[in-house]
Each structure stands twice: as structure tokens, then as C-alpha cells.
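The sequence lines fix the lettering, A, B, ..., with proteins before strands; numbering per chain opens at 1.
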2 protein chains.
Amino acid sequence: MPRAESPSPETSNRGRPPMSDRRKHIMRTQIARAAVDLFTAKGVSATTGDDIAHELGISTRTLWRYFPSKESCVRPLLTGGLDLMTERLRTWPPELSLTEHLERSGALAEDAGVPSMASMIDLIRMTRTEPGLRAVWLDVHHCAEEVFAEAIADRAGLTPDTLSVRVGAAMINVALRVAAERFADHADHEAGDEDDKDMADLIRAALEVVEDGLGPFTR
Amino acid sequence: MPRAESPSPETSNRGRPPMSDRRKHIMRTQIARAAVDLFTAKGVSATTGDDIAHELGISTRTLWRYFPSKESCVRPLLTGGLDLMTERLRTWPPELSLTEHLERSGALAEDAGVPSMASMIDLIRMTRTEPGLRAVWLDVHHCAEEVFAEAIADRAGLTPDTLSVRVGAAMINVALRVAAERFADHADHEAGDEDDKDMADLIRAALEVVEDGLGPFTR
DNA sequence: GAATATTTGTCGCTAAGCGACAAAAAGTCG
DNA sequence: CGACTTTTTGTCGCTTAGCGACAAATATTC
């Protein structure tokens, strides 16, 4: 049986601590990369699971072991920004409000946090026209809601199931989603108007609405 | 070719104004009913498109002409509540705030607005465990965001693309979603604690968080 | 290096979902 | 009502998604 070569020489863990989980993680990101490349090149519907698998030199069966559908292959890329956000929730300092803390996390995410920003931008754009990708995108954020709810509940001394906590977590979540979508949409205008260009400003502006509420808005 | 009998005698438009669109709409709701019944009875993964089609006496090919996947067959049921909400946005009186207006709409929805409330509750519960149904549920609400954005923008004299408008619409939207999910989860406890029992109270409480914002919450 | 556990590939299968064509409706006009 | 047109439906065939089972290959442990 012709064994597939390691996905990439520099990402393989040769000699270093074995760590089987690491291998899986690398494989998933490799698949995600190949998938997004093919999606952007040929379109989602024209890309088959066989295409993605063949690109990496793995069998189709193995591909479906890593992801349950071809659209979900790009999930690791779409979670990139949120992973950093939710990760930093663990070190949420008491003197900062949640929005302040998230704003600073957002500033980090833009710079070095996410390795392949260009692919992510392409992906988020594709979610507009590709229902399958949009479903993944929405689900990624839906999963993040849970994490936000736990963080908020923990801080406020409430249960994550409290209605206000769930709504609050969802509000935070959509603010980040809308900011990301807007960033993706306006990313290539580059040297245009300097209103809300970088991710940090967008996140700040979006979270501001969440912070203040709709009261002063739609009355 | 054995023609399928009309889905139901009383829902067929025999002799009355022709109206081809009406037939389609009836067909869609009939399919949705059959789908949710089979999903609750056998589970989603164990239900095939053939099952749904056979239940209605139509061919599988026709089923896929009405819906692009078996999960999306239940979409008409999941949009029930939101349809009423967005429809009533057209008659949003100037003297009411958006949340006030939506609260009243919510009170209507509970009573007579949605015909098959029981099926909807079952469906929303299933979205927890069935990824395919959750995707439909999230997408239904995502589509509603667009409508809310237009309504808010229209009232505020802004473009629907304004960041604050989009975030605001998304906030409204998730509040309604969380309220619906909570209602579905706590629906059968019936005569338990009288905290947040009916839909109207839940919507009111959820929209209150949106109205006030997270400022007084996570600081 | 041998024994064990995990991963992968091959095979076979069910089901999703679409394109094309023909039959059967439904709608139209006289 | 009857001929005509338009829309809908069914049948057929096909590609792809995606999983279960078993065997080979690989990784891990001792």
C-alpha cells in the first residue's frame, strides 16, 4: 500500500515528542489549506472530495475521517480568529470589561494570531454565495457562543443557562461575526477611505454597539 | 404515469382562482409537515428522502425540486415565527421603539400566528443534536438579519450596510433566536415555576438585554 | 527488535441530488 | 367544450457524499 508522504517536511514532527494529537491537528490544517485553495480556484460545487484528497495524496476515505463533509474541511481556517479570542478569555483580567478585553484580543489577532489571513478573507467572502460554507461559518460562531456564555456567567456569578447570559454571549458573538464579515468585504480596497480599515477598529466599533445597546438607536 | 393525488382535499384549490404560486406554497408546507413527522419518529439520519417523498405520494425527484436537501424540508416550519415578526415590521408605528413593537408581535405569534407550534418546538429541540437541522435553523435566522437591517436602516435614515445597523439587526435576531430556543427547551414543564413561561415574556426579557446593552453587565 | 495500538487504504454499499427527456397535468383562448 | 401552450411531474441514469468492515501499514511502547 503506497503510503502518503508527510504533508510537509517542515511541519512534520520528526524525532521530536511523538504526540499523536499533534499529527491530527497538522493533518486537519493541511486539509483545510488544500480545500480552500481548490474552492477558490474551481468553486465549491466543482470541487469534489476526491480532488481534495488527491491534492494531499491521501485517500478519500481518510478525508472523511477528518471531516464530515467537504465544506467543513475549511473549518480550521474559519475558527482561527475566534480560537484566539476564546483562548484569551481564560486570562480575562478583572479590571477590564469584556468588550475592552476582546478589543485588545482583536488587535492581537490581526497582527500575528492568524497565519493565513488571506485565505480566511476569501473564505468569508465565499460564505455569501455558497450555502454550504455559510453553514460552517454560522456554526463556528454558534459554537463560540457556548464559550462566551461560560466566561460571562463565571464573571457574573451566574449559570451559563441564564437568559441574559445567553443573549449577552450571542450579542458578543454576532458583533465579532459582523466585524469579520465587514473586514473581509472591505479588505482589498486598501488605500481608500480611512474610516474603519483594520480589524481592531471594526471589532471596537461593533462591540461598542453591543456595549451601549439598541436603546439610543431605534427609539 | 400514476399522478399523485392532491396532498389534501381541503388544501387543494379546486375551481378557485388558479394561482400557481399557491400550489407551490401548499406543497412546501405539506412536505415540511411530513418531514418533521418522520424526523421525530425515526430520527433525521434514519429518514431518507425517499421516505418523505413516499409519505406524500410524490417522486423523490420532485422532492428535490422543492428543497435542496432533506434537512431543509423543515425550513417552512422554522421560519414560521420569524415570518410573522418580519412581516409586521412593515407596519412599525413611529411612536414605538423597535423592541416594543417586536414584543407585541411576539405576543401575537404565540397565540394564533404559528399553526403548528408543537412541531416547531420538536424541531428546535432537534437542532441541538442534529447538525443538519441546526444549520437550517441558523440560516433561517441569518436570512432574517437582512430584513431587520433594512427596517432599522429605514427608520434611522441610514444604509443597511452601516456597521451599527448590521450589528443591531444581528443583536435583535439572536435575541429572538435565544428566546425561541429557551421556549422550546422549557415548553413541556408546563405548570412548573412561573418565571419565564410564555413566548412573550421570553422575547421581552431577551430584547431587554439587547436594549440595555452589555455595559451594566460585564463591567 | 517484538508486541501493541492507531491510522490508513481498499472495497462495497446506501443515499443525496442533479440533468435530460417524456408524460401528465394545469392554464389559456376561441 | 376542445385545441394549444406552459408548467409540473415522473422515470432514467449518473456523479458524488459519506459510512461500515476488514486488512495492511504505520506509529508507539516496552
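Across residues 43-51 of chain B, T47(B), T48(B), G49(B) each have a non-hydrogen atom less than 4.0 Å from an atom of DNA chain C (numbered order). For residues 66-73 of chain B, proximity to DNA chain C is found at P68(B), S69(B), K70(B), defined as any non-hydrogen atom under 4.0 angstrom from a strand atom.
Classification of R134(B) and E130(B) as a salt-bridged pair fails, no side-chain N sitting under 4.0 Å from a carboxylate O. In summary, E146(A) and R166(A) engage in a salt bridge, as defined by a charged side-chain N under 4.0 Å from a carboxylate O. Between D139(B) and R75(B) there is a salt bridge, since a side-chain N of the basic residue sits under 4.0 Å from a carboxylate O of the acidic one. In summary, R204(A) and D201(A) engage in a salt bridge, as defined by a charged side-chain N under 4.0 Å from a carboxylate O.
Spacing between atom CZ of R23(A) and atom P of dT26(D) amounts to 11 Å, rounded to whole angstrom units. The distance between atom CE of M27(B) and atom P of dT8(D), rounded to the nearest whole Å, is 12 Å. Regarding I52(B), its CD1 atom lies at a distance of 12 Å from the C1' atom of dA15(C), rounded to whole Å. Atom NE2 of H54(B) and atom P of dA15(C) are 14 Å apart (whole Å). The CH2-C1' distance, from W64(B) to dT15(D), rounds to 15 Å in whole Å. Atom CD1 in I58(B) sits roughly 19 Å away from atom P in dA24(C) (whole-Å rounding). With rounding to whole Å, I26(A) atom CD1 is found 12 Å from dT8(C) atom P. R28(A) has its CZ atom 13 Å from the P atom of dT7(C), to the nearest Å.
A heavy-atom distance below 4.5 Å is not found between the side chains of F67(A) and I52(A). The closest side-chain heavy-atom distance from M85(B) to I203(B) is below 4.5 Å.
The backbone N or O of Y66(B) lies less than 3.5 Å from a partner atom in the side chain of R28(B), making a donor-acceptor pair.
Checked by atom type, the side-chain pair T48(B)/D51(B) shows a donor-acceptor distance below 3.5 Å.
Taking only side-chain nitrogens and oxygens, K24(B) comes nearer than 4.0 Å to OP1 or OP2 of dT8(D). Distances shown here put every side-chain N or O of T62(B) at or beyond 4.0 Å from the OP1 or OP2 atom of dT9(D).
Taking A205(B) as the reference, L163(A) meet the side chain to side chain contact (heavy atoms under 4.5 Å, CB included) condition, with sequence neighbours excluded.
The side chain of R65(A) sits closest to dC22(D) out of dA27(D), dC22(D), dA20(C).
Between the side chain of R61(B) and the base of dG13(D) there is no donor-acceptor pair of N/O atoms closer than 3.5 Å.
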